[in-house]
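Before any comments, here is the structure.
These numbers were taken from a predicted model, which means no experiment stands behind them. In listed order, ligands and their atoms are each counted from 1.
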Amino acid sequence: MAPKVLVSRRRLLGIGAVGAGSLLLGGCDDSVSENPKLLDFIDKAAAFTYRAQRLILPRGALAPEYSEMDVAAVFRPNGSTSPSDPAYRALARGNFADWRLKVDGLVERPMQLSLADLRALPARTQITRHDCVEGWSCIGKWTGTPLSEVLNRAGVKPQAKFVLFHCADKFSQAGVPDAFDPNQSDTVDGGGVNYYESIDFVDAYHPQTLLAYGLNGQALPVTYGAPLRLRLGRQLGYKQAKYVMRIELVDSFRRFGAGRGGYWEDQGYEWYAGI
Ligand SMILES: Nc1nc2c(c(=O)[nH]1)N[C@H]1C(S)=C(S)[C@@H](COP(=O)(O)O)O[C@H]1N2
Ligand SMILES: [Mo]
């Protein structure tokens, strides 16, 4: 992909003083990751904007919710839409009956939850807008259990600082097929590292932070991250981890990937992608 122009996304702050904090990569482009100086610059700016946003936004502020009429006829897919991992594809063939969400790391009670277990927890449905860093938005109706329900059952240890999501796919820029066929093996996401993401506890316990298993009244399709994906109300698209297989409570994300807390963060995107 050709390098793209850095674009401003700091509508919320709207101040030039943020400077470097206003720089963000346009689209999904990893050219910046080859430039350590720029990465360092972005890191410092990101820490600044994170603190600024945490200061001006009340902890519990809700993202706007919309009405049924606003729901897009077809939700726009992006990123991985068809994981190539054989174990994942086998689970998909079995309609995820054998899938288990692992919850471990800094918890009192490590657990494995089936989809039925998750569906039995208190549920929430919300119509929210997804904003991708590439500049498009899409409104969808999401159903799932608040992440807090799972965290409270597992018992978060006091040392935990972040919730880290391990995904089944390895994202690649090679392009995506139109439809997921679990019987076909493809190389769409083959190669690199697994997608992952992380959030702090302000977002983890936010009422609109869901482990979503439903989209627009249907079981979450593979294209959109089946069987379970993260939905945050107040951060950009790349934070909304699809194909979540394991939730790990950690005190630091330095030992994962390139140490920046997520797949796109490792390519230079901000860790706190507030909208
Ligand atoms: N596991 C995983 N999660 C992911 C991605 C991905 O490639 N793999 N892409 C991210 C990006 S950039 C966006 S915009 C959204 C797209 O979600 P959608 O396919 O439901 O639109 O998923 C995010 N979560
Ligand atoms: Mo995105």
Side-chain angles (χ1 to χ4, degrees), residues 1 4 7 9 24-30 71-85 87-89 91-92 99 101 126-144 163-180 186-199 203 209-216 218-248 256-257 261-271 273-275:
M1 256 172 121
K4 292 192 184 152
V7 292
R9 191 181 48 71
L24 196 74
L25 299 169
C28 296
D29 178 349
D30 57 7
V71 174
V74 179
F75 198 82
R76 178 167 168 174
N78 200 36
S80 299
T81 52
S82 178
S84 63
D85 176 57
Y88 175 86
R89 298 180 88 84
L91 290 168
W99 173 89
L101 173 70
Q126 64 198 24
I127 300 175
T128 49
R129 199 183 68 191
H130 173 102
D131 293 320
C132 176
V133 69
E134 292 168 339
W136 54 269
S137 297
C138 202
I139 293 176
K141 182 165 94 170
W142 302 95
T143 301
V163 186
L164 197 124
F165 301 85
H166 296 276
C167 307
D169 62 306
K170 297 183 193 325
F171 177 72
S172 135
Q173 320 221 13
V176 294
D178 293 336
F180 175 75
D186 59 47
T187 55
V188 163
D189 70 350
V193 294
N194 278 74
Y195 202 94
Y196 74 103
E197 258 304 338
S198 59
I199 59 174
D203 269 329
T209 298
L210 301 185
L211 293 172
Y213 45 71
L215 171 60
N216 297 341
Q218 310 286 319
L220 185 67
V222 167
T223 307
Y224 305 100
L228 195 75
R229 63 106 42 98
L230 181 64
R231 284 302 310 174
L232 301 171
R234 305 181 304 178
Q235 291 203 57
L236 286 174
Y238 62 87
K239 299 297 292 187
Q240 325 279 333
K242 302 171 23 166
Y243 316 110
V244 174
M245 306 299 279
R246 176 179 172 206
I247 295 177
E248 188 178 1
F256 302 95
Y263 177 87
W264 283 111
E265 288 84 335
D266 287 342
Q267 319 293 319
Y269 284 69
E270 288 165 284
W271 176 76
I275 43 179

- Task: Output yes when D169 and K242 qualify as a salt bridge under the 4.0 Å nitrogen-oxygen rule, no when they do not.
- Result: no
- Short N/O distance, under 3.5 Å, between R76 and ligand 1? yes
- Item | Nearest neighbour of atom 23 (C) of ligand 1 from the list G237, G79, G262, on a heavy-atom basis | G237
- Message: Give the atom numbers and elements of ligand 1 that come within less than 4.0 Å of a heavy atom of F75.
- Response: 20 (O), 21 (O)
- Centroid-centroid distance, F75 to W142, less than 6.0 Å: yes
- CZ of F165 to CZ of R229: how many Å apart, nearest 0.5 Å? 11.5 Å
- Query: Counting N and O atoms only, with roles assigned by atom type, does the side chain of E197 sit under 3.5 Å from a partner on the main chain of Y263, one being a donor and the other an acceptor?
  - Reply: no
- Walk me through it: do K239 and E270 pass the test salt bridge (Lys or Arg N to Asp or Glu O under 4.0 Å)? CA-CA 10 Å; K239 299 297 292 187; E270 288 165 284; over 6 Å; no
- Indicate yes or no: does an N/O atom of D169 lie under 3.5 Å from an N/O atom of ligand 1? yes
- Query: So which of F171, Y195, Y238, W264 gets nearest to atom 9 (N) of ligand 1, if we judge by its closest heavy atom?
  - Reply: Y195
- Message: Geometry only, no angles: is R229 polar-contacting ligand 1 at N/O separations under 3.5 Å?
- Response: yes
- Note on the structure: Under 4.0 Å from one or more heavy atoms of C132, ligand 1 contributes atoms 14 (S)
- Task: Using the six-membered ring wherever Trp is involved, compare the ring planes of W136 and H130 and label them parallel, tilted or perpendicular (cut-offs 30° and 60°).
- Result: parallel
- Note on the structure: Value for CG (L236) from CG (D131), rounded to nearest 0.5 Å, stands at 6.5 Å
- Task: Using distance alone, decide if ligand 1 has a nitrogen or oxygen within less than 3.5 Å of any nitrogen or oxygen in N78.
- Result: yes
- Item | W142-ligand 1 polar pair, N/O distance under 3.5 Å | no
- Note on the structure: Rounding to 0.5 Å, atoms CD (E248) and OG (S198) come to a distance of 11.0 Å
- Mark up the atoms of ligand 1 that fall under 4.0 Å of a heavy atom belonging to Y243, in ascending order. 1 (N)
- Item | Interfacing atoms of ligand 1 (cut-off 4.0 Å, heavy-atom, C167) | 1 (N)
- Task: Report the part of Y263 (side chain from C-beta onward, or backbone N, CA, C, O) that has a heavy atom under 4.0 Å from ligand 1; answer both or neither where that applies.
- Result: neither
- Item | ring pair (Phe, Tyr, Trp, His ring centres under 6.0 Å) between Y88 and Y243, intermediate numbers included | CA-CA 9 Å; Y88 175 86; Y243 316 110; 5.5 Å; yes
- Say whether Q240, considering both its backbone and side-chain N or O atoms, lies within less than 3.5 Å of an N or O atom on ligand 1. yes
- Any heavy atom of E197 sitting closer than 4.0 Å to ligand 1? no
